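Since this is a predicted model, take the numbers as computed values, not measurements. Every chain is numbered from 1 and lettered A, B, ... according to where its sequence line falls, protein lines coming before strand lines.
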There are 2 protein chains.
Amino acid sequence: MDSNCMSCTCLHDLCLSKVPLFASLDHANLVTITTQMQHKSYRKGETIISEGSHPLGFTVIQHGSAKAYRITADGREQILYIFPTHDYFGARFLFTEDAVPYSVEALEETHVCILSKTQLMQLLAEHPPVALELIEAMAHRMRRLELVVQSMGGRNAEMRIASMLLEFMDTYGKQTDRGIEVTLPLSREGLANYVGMARETLSRKLSQLEEEGVIAFIDSRQMLVKDRGMLVDLSVLAAE
Amino acid sequence: MDSNCMSCTCLHDLCLSKVPLFASLDHANLVTITTQMQHKSYRKGETIISEGSHPLGFTVIQHGSAKAYRITADGREQILYIFPTHDYFGARFLFTEDAVPYSVEALEETHVCILSKTQLMQLLAEHPPVALELIEAMAHRMRRLELVVQSMGGRNAEMRIASMLLEFMDTYGKQTDRGIEVTLPLSREGLANYVGMARETLSRKLSQLEEEGVIAFIDSRQMLVKDRGMLVDLSVLAAE
DNA sequence: AGTTTACTGTGATTCAAATCACATGTATGA
DNA sequence: TCATACATGTGATTTGAATCACAGTAAACT
């Protein structure tokens with residue numbers, strides 16, 4: 001299970017300094033906050049928070065990654081967010097309901113740092129610039145959700161997939177000599193649950209995109225984007 | 001077209017006092033801000049902001065209502081938000097991009113009050129409680145977007161419709177002697193564009209729900225919810 | 001009031017994606 | 001190293017929703 005790790009590298013590395021949200025804080029403040037935080041580790045597949053439970057608090061992913069998902073009435077797993085290293089979650093539902101609206105599960109060995117609700121509120125009250133940063137961060141997350149709603153409202157599977165690939169390209173893409181290389185954060189099953197379609201359909205459409213020369217796979221998790229323009233045209237970003 | 005209306009009732013009514021976001025401000029501050037704001041009127045069907053244009057600023061709906069939508073590549077209109085009276089929009093995209101990501105159109109005769117980006121920023125910096133209120137408001141909007149993503153990810157049309165009806169019930173529902181009466185904010189075509197499906201499918205499913213005794217229509221815009229529990233079971237909120 | 005225009009319901013048909021079924025491939029762990 | 005479970009691709013079939021087509025109805029305009 002999860003365990004407190006006071007001997008972890010959080011303080012030494014000052015993990016929070018890599019989180020844009022806290023960019024406006026000076027070193028002394030960061031140290032203070034880091035010591036206040038609770039630190040936990042999870043193995044791949046372990047649950048960080050369960051839907052319906054009491055919120056842990058504002059949680060920063062110091063190392064590793066996680067997915068936020070919900071099991072729907074028809075038994076499907078709908079993935080809402082992927083949180084990469086240095087991303088965070090929990091701010092949103094500290095401000096709304098008591099119960100956590102979705103589960104979060106570690107996708108790999110993952111270390112998190114948790115700030116309690118009271119501590120976060122105090123931080124926001126004492127450091128107004130952090131509140132503005134949080135607003136900006138939430139604005140970006142809303143922007144993404146709005147795009148997802150648009151792509152999910154679309155009729156064809158191709159649009160959803162193209163939009164997803166563009167999103168992952170922005171988050172995980174690296175420019176290499178062979179083109180933009182993207183490490184997909186999820187299995188095919190996971191990708192399908194992210195865009196809300198059957199695994200088989202996703203698989204077929206990805207093969208199709210590869211045949212058309214839009215993308216190329218190095219292996220099942222490593223992808224090259226050959227024709228970004230075509231992806232944009234297929235995606236929800238395309239103008240009418 | 002739109003026109004400035006300095007003679008409108010904004011100052012007298014102090015429209016902003018009805019907006020929860022500004023609950024923490026005292027009367028004097030509200031008056032100051034109201035005078036700073038730009039006031040405009042739109043007739044039904046008129047565009048308040050166009051996708052791709054420069055943001056107007058933080059916009060409060062003093063009277064009337066509006067829809068935010070985007071035309072997708074396949075020519076469909078995807079509705080993202082419905083803004084009822086005393087709701088507001090524009091905070092989100094003031095913090096992200098330069099261009100407005102969707103169009104907003106008045107659904108009826110509508111009066112709006114606009115605060116420019118600089119004015120909003122100044123307000124947030126000078127009145128930290130307003131920033132916290134804004135975070136809370138954004139959290140609620142994110143919560144709704146997350147629910148929409150979940151329902152859009154679902155396979156069947158019924159789930160999307162049930163989720164939409166519950167949402168409208170919360171926003172527009174009034175307890176009457178005959179049950180919970182809901183005035184739908186959109187035509188059938190609009191509802192279909194809101195949940196991302198064909199008008200015909202929506203129409204058929206609504207008739208079906210009426211036959212099953214879950215809802216009842218007084219006229220095409222007035223609806224009674226007879227069995228809220230059944231709607232919840234059909235919706236995205238249902239536990240697995 | 002009468003005409004035009006937009007809105008709505010319903011059947012018939014088509015079609016894209018889900019589901020079913022299974023073979024192959026790839027990790028994972030005893 | 002092998003065995004077991006998990007991941008992936010691909011064909012065949014089914015199905016739910018989109019599309020097409022049209023009639024009836026309500027609303028808006030002159």
Parallel, tilted or perpendicular for B:F83 and B:Y81, by the 30°/60° rule? parallel

When only distance counts, do a donor and an acceptor, one from the side chain of B:R204 and one from the base of C:dG11, lie under 3.5 Å apart? yes

Interatomic spacing from CG in A:L186 to CZ in A:R221 - rounded to 0.5 Å: 6.5 Å

Atom CZ of A:R155 and atom P of D:dA18: how far apart are they, to the nearest Å? 5 Å

Need to verify one output field. Residue with the more 5' nearest nucleotide on DNA chain D, A:S207 or B:M197? A:S207

I want to verify a distance call: between D:dT8, D:dA17, C:dT8, whose nearest atom is closest to the B:T201 side chain? D:dA17

Could you state the atom-to-atom distance from CG of B:L186 to P of C:dC7 in whole Å? 12 Å

Please state how far atom CZ in B:R199 lies from atom P in C:dG9, giving the value in whole angstrom units. 8 Å

To the nearest Å, how far apart are B:R43 CZ and D:dA28 C1'? 15 Å

Over 60° means perpendicular and under 30° means parallel, so tell me whether A:H111 and A:H63 are parallel, tilted or perpendicular. tilted

Contact class for A:E200 vs. all strands (heavy atom < 4.0 Å): base, sugar-phosphate, or nothing? base

Relative to the ring of A:Y194, is the ring of A:F168 parallel (under 30°), tilted (30 to 60°) or perpendicular (over 60°)? parallel

Please report, rounded to the nearest Å, how far the P atom of C:dA17 is from the CZ atom of A:R76. 15 Å

Would you say B:S187 reaches C:dT8's phosphate, i.e. side-chain N/O to OP1/OP2 under 4.0 Å? yes

Without decimals, in angstroms, what is the distance between B:L202 CG and C:dG9 P? 9 Å

Between the side chains of A:E146 and B:R92, is the shortest nitrogen-to-carboxylate-oxygen separation below 4.0 Å, so that they form an ion pair? yes

Atom pair distance, as rounded to whole Å: CE in A:M159 and C1' in C:dA17: 16 Å

Give a yes/no answer on whether the side chain of B:S203 brings an N or O atom under 4.0 Å of OP1 or OP2 in C:dT8. no

Atom-to-atom span, CD of A:E210 to P of D:dT10 - whole angstrom: 10 Å

It should be established whether A:K205 places a side-chain nitrogen or oxygen under 4.0 Å from OP1 or OP2 of nucleotide C:dA16. no

